[in-house]
Structure formats: structure tokens, C-alpha cells
Amino acid sequence: MLEEDEEEEDDSLPELPAADEYDEIVMRFAPNPNGPPTIGSARGIVVNDEYVREYDGRLVLRFDDTDAVNKPPQKEAYVWYEEDAEWLGAEVHETYRASDRLETYYEHGRALIKEEAAYVCDCPGDDFSEKKAAGEACPHRGRNVQENLEAWEAMHDDATDTVLRVKTDIEHKNPALRDWVAFRIVDVETHPHPLTGDEYRVWPMLDFQSAVDDHLLGTTHIIRGKDLRDSEGRQKYVYDAFGWDYPEVLHWGRISVEEYGTLSTSSLAEAIEAGEYEGWDDPRVPTVRALRRRGVQGDALRDALLELGVSESDIEFSMEHVYSANRALVDDSANRYFFVRNPVRVEVEDAPSVVARPPLHPDEDRGEREINVDDEIYLEADDIPDEGGRLRLKSLYNVEVVSRDGDVPVVRHIGDDLSLVREGDVSVVHWLSANDGESVEATLRTPSGDETGVVEAAARDEEGEVVQFERVGFARVETTEPFVAFFAHR
RNA sequence: GCUCCGCUGGUGUAGUCCGGCCAAUCAUAUUGCCCUCUCGAGGCAAUGACGGGGGUUCAAAUCCCCCGCGGAGCACCA
């Protein structure tokens, strides 16, 4: 017994259609592993997973890796999907690869021929398109079962430029549904499949493979992009021929991310190949692994994506939603440090030698850092006011600018009375000690490019952790020698 | 050309199926104030939307029609 009265929690997804007609809800996420999951893939993972959780069903991860020519699968990407799904908090119950299941598709291809619901077509693609547009059958459409079976076998042997078409209605009012291709021959000599090499030369097209798998693997609900809206119409011819019931289908619109534009996995792959990015986890790239590397938490991405629901309208998604959710998640745990970008070495007149003790966290009682200061410090160029201007160096003391011309600007220590800050025009800024060993050179890698500067030596204890560089933003410490951090967001 | 879909503030979303409690929810964003030794966090407040036009109705974001805008498919890609 299944309860579909999962009383809508505040931000839960809309109910699945006809959920009560199924004993168990089975959904699938079916990517082509031609690269790692992107933000768009992540949406597919978390929404399907969320539904499966709400209905206590099963989630199938199925790799639709059937085109080694145009969208070549990447061997590592299979694992990347599993890793990223886990990081997003998704529970995958079963995993399949289409490339493992060719024999199953062949069986169904043959069965379709025997049902007289498919035929082998030798027409050049362009010729067929013309006929299709005119609603005219091609000569091959009249082949009988025996002829089709022989031609089908030939496809596996040595035939070329031959396809198996599903016999629909050549005059169907929607041209997209007219006699579509179910299988084609792939040149596996020049484009071996990463998993099966050149073992199979006949490969199913998405609509056929997906149709067969959705039925065989028990899928009850499918969520797919609007761009695949005609798939249902096409696949129903297969389902009807086999006497199967079609699953429930939801469509959602295209998602484009404001900060990244509409990068497809294929074009990303090209850009990486061309050296524009350093790899799939380059901080400028919209992949799940890049976000993880920058210190974004899986739950933050998950929650932001779940908020989008399953609307059919196209979405212009803003990373601000992710960042906001992430801030809430990491603010309490991230230790604070100073990171000075574009550092300017500044001399401090009348400087006492002191040890500054800024807290590791402003609210949580987690102890403090120690910074030894003598008479030289680093400030951010943009923070230095005009001559006569004053500054509060956070957790240190107050200074006034004596001169800012010349190679080494000079400021003067003017006490450490915190009440100065209340006076108004004095800003509190971060700084670093120029003493040996107190600061180290550092790189902050951001989506808009690298920034160099110096970071507090103590931050070297935070390898792998998310920290907040005060007045700069949250970042994840990637390596400490050299010191490199990946910027997440303010 | 043929099929089909969508349209609520800057962004996302609730409400649309079953018209009234919607002078429209929540979040994000922006701005201001408070608090804070961060431009973070927290508190308070403000800003800002039913694509347009007709119609039906006592009553329309919700129903009908037309228009506009945006998107998708018509691949031997997924």
C-alpha cells in the first residue's frame, strides 16, 4: 500500500500524476556520460531523487551511452555521475548502462520487425527527409517480414547507410513522428565505444533504447526536457506494438544559468580540449565538481534546484540562490582569516610591536589566531584612504595616512581606541603583517579569474576546509603549498 | 512551412485544474535603518509582478477568443 497523501511540506514538489495507480514509484535519471554532471544534470538528479523519497520508490541511474561519434561517452564520467549523485544526497538504487544492453535492444528490434511495425530502410538521409516532408512512403516501407529480417541481419554484418525505421504513420500531422529511426550503423572502427570497443556496429537511437529500457526497468514516471516532447509520441508506436503501457511523463523547460550562459556539455568539452579551461573542475565551469571544489555544499545546490520545481517554462537560474543557501550552511563552521588582494606594503610610524588576536569566528567561541606585527603591514590598495584619512585595522589598532605617494605608503599609529569606529568615516579593514613568516603568498581562484595576494599563515591549517576571508568572501582551501583557495561567493 | 509548449516583481516560486477569503505567497536580489571591530551573520523596513486586448460573470491571475513575446521538435545527437 502506498500513501500518496504525503501532505505537502513547505517546499515539496508538486504531486506526481496518477501516483496511486502504481504499487511502487520508479523513476530514472538517464544521462549520456559525455562529461561530468553539470548544474542541469544536478537538477535531474535531485528532483528525481526527491520524488522517489517522497513516494518511497526506487531511483534508477541509467547511462544512455549509445553514440560514440557525436557525443562520445567518457570512461571516467560514469563514476563521476555516481560520485556527484551521492554528494547531492541522492540515493541511487540501481545502475544500468545502455551499452551493456545491446542484445536486449536487438531482440526488441527483431520483435518489432516480426510485428510488422518496423522496416529496414536504405534511403540516403536527405532523400528520406524529402519524402517524409511530403508525406510519401519510401520504397522500403513495403518490405515483408522476411526481407526485413534479412536486411536487419545484413546491418550487423556489412551493410552501410542502412537504418531500421519504426513504421508509424507517414502522413502523421506532426512530421516529427513520421517513420523515425530506431537503429543505425555506427562506424566503430574510427569511433570505438569506450566500453564495448568495436564489438557492436548497430546502435539504437535514444527514442528506441529509452523506450525499451523505461518499460523493462519498470519506470513509472519520467521527467524529461521539453526538447524531448515528441519522444512520447514516437515511443508510443513501440509501446503499442508490444502492448505495453506508457509511463507518466513530466516535461520541464530549459535551464540557463545567468552566471554561465548556456554551455552544453559538448561545447564545454571542446573548450577544455582547446585549453580554454583547465579541466572539468576549473572554477569557471558550471559542473557539479567545480562547485564542490569551490566549497559549495551539496545540500545548498540541492535545495536551490529543488525550489525550481518541474515547471515547463524556461528558467533563468541565478547562482545567487545557491550562494545564499550555501552561506547559511557554511557561515557557522567557516573559520575567518585575512586575505589581502593586491597587497601594498605599508610602513607604520610609531608602531608598537604587538600580537593581534582576531577571533577564528565572530559568534562561535572557537579561539583566536595570533599575528605578530612590528612596523610593516600589508593593506589592500583599494582600502587605503587619502592623506589624513583614518582606518581601523581589524583586531589591531587605528592608523592615519601620512603619505600614500611613493613606493611605500606611510601611516601612523594613532592608538587603539575602538570608539574611533563609531565616528563614522573610519572603515574597518583587514590587513596582514609583513613580518617574516606571518603571511604567505596566495592565489584565490574565482569564476572570473585568479587573484593574487597574501594570506594569513594560520590559514595553512585549513587544507580542504571552507573558510571565510574577511571582507572578501567564502572559499575552499585547495592546497597550502603553494597556498591556493577556490572562491565560492561573498 | 508543419507540429507543440510556455508567459505572475530583476530572478525563482505559490496560487490557475474546481472564478470570490489574491489590493497576489515565500525565497532571492536591491535599498535604508539597527546590531556587529568583515562588504559575512542576525533583526526591522522598503522596493517590485498577474504579456496585451476583448468577452463571459455580481465577481477573473484563474474560464473563452484574438494578438504579442519567448521556446522546442520535424537528425542515421542525447
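Quick note on labels: first sequence line is chain A, next is B, and so on, each numbered from 1.
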Heavy atoms under 4.0 Å, any strand shown: does S427(A) hit a base, just sugar-phosphate, or nothing? nothing

Using atom CG of N34(A) as one end and atom P of C77(B) as the other, report the distance to the nearest whole Å. 14 Å

If you look at every strand shown and take non-hydrogen atoms under 4.0 Å, does N70(A) touch a base, only sugar-phosphate, or nothing? sugar-phosphate

How long is the line joining CD of E259(A) and P of G10(B), in whole Å? 18 Å

Once you measure the plane-to-plane angle for H156(A) and Y106(A), does it fall in the parallel (<30°), tilted (30-60°) or perpendicular (>60°) bin? perpendicular

Donor/acceptor link under 3.5 angstrom from Q468(A) side chain onto base of U38(B): yes

Please determine whether any donor N or O and acceptor N or O are separated by less than 3.5 Å between the side chain of D332(A) and the base of G40(B). no

Taking N and O atoms by type only, does the side chain of R229(A) place a donor or acceptor under 3.5 Å from a partner on the base of C5(B)? no

N48(A) and R28(A): side chain donor to acceptor below 3.5 Å: no

Identify whether any heavy atom of R336(A) sits under 4.0 Å from a base atom; if not, whether one sits that close to sugar-phosphate; answer base, sugar-phosphate or nothing. base

Identify whether any heavy atom of D417(A) sits under 4.0 Å from a base atom; if not, whether one sits that close to sugar-phosphate; answer base, sugar-phosphate or nothing. nothing

Are W203(A) and Y105(A) near enough that their ring centres are under 6.0 Å apart? no

Please give, in whole Å, the distance from A75(B) P to L177(A) CG? 11 Å

Under 4.0 angstrom, heavy atoms only, what part of the nucleic acid is K394(A) near: base, sugar-phosphate, or nothing? base

For U56(B), which nucleotide in any strand shown is its Watson-Crick or wobble partner with both distances under 3.5 Å? none

Using a heavy-atom cut-off of under 4.0 Å over every strand shown, decide if G125(A) touches base, sugar-phosphate, or nothing. base

Check this for me: does any side-chain nitrogen of one of R62(A) and D214(A) sit under 4.0 Å from a carboxylate oxygen of the other? yes

U11(B) to C64(B) separation - C1' atoms, rounded to the nearest Å: 32 Å

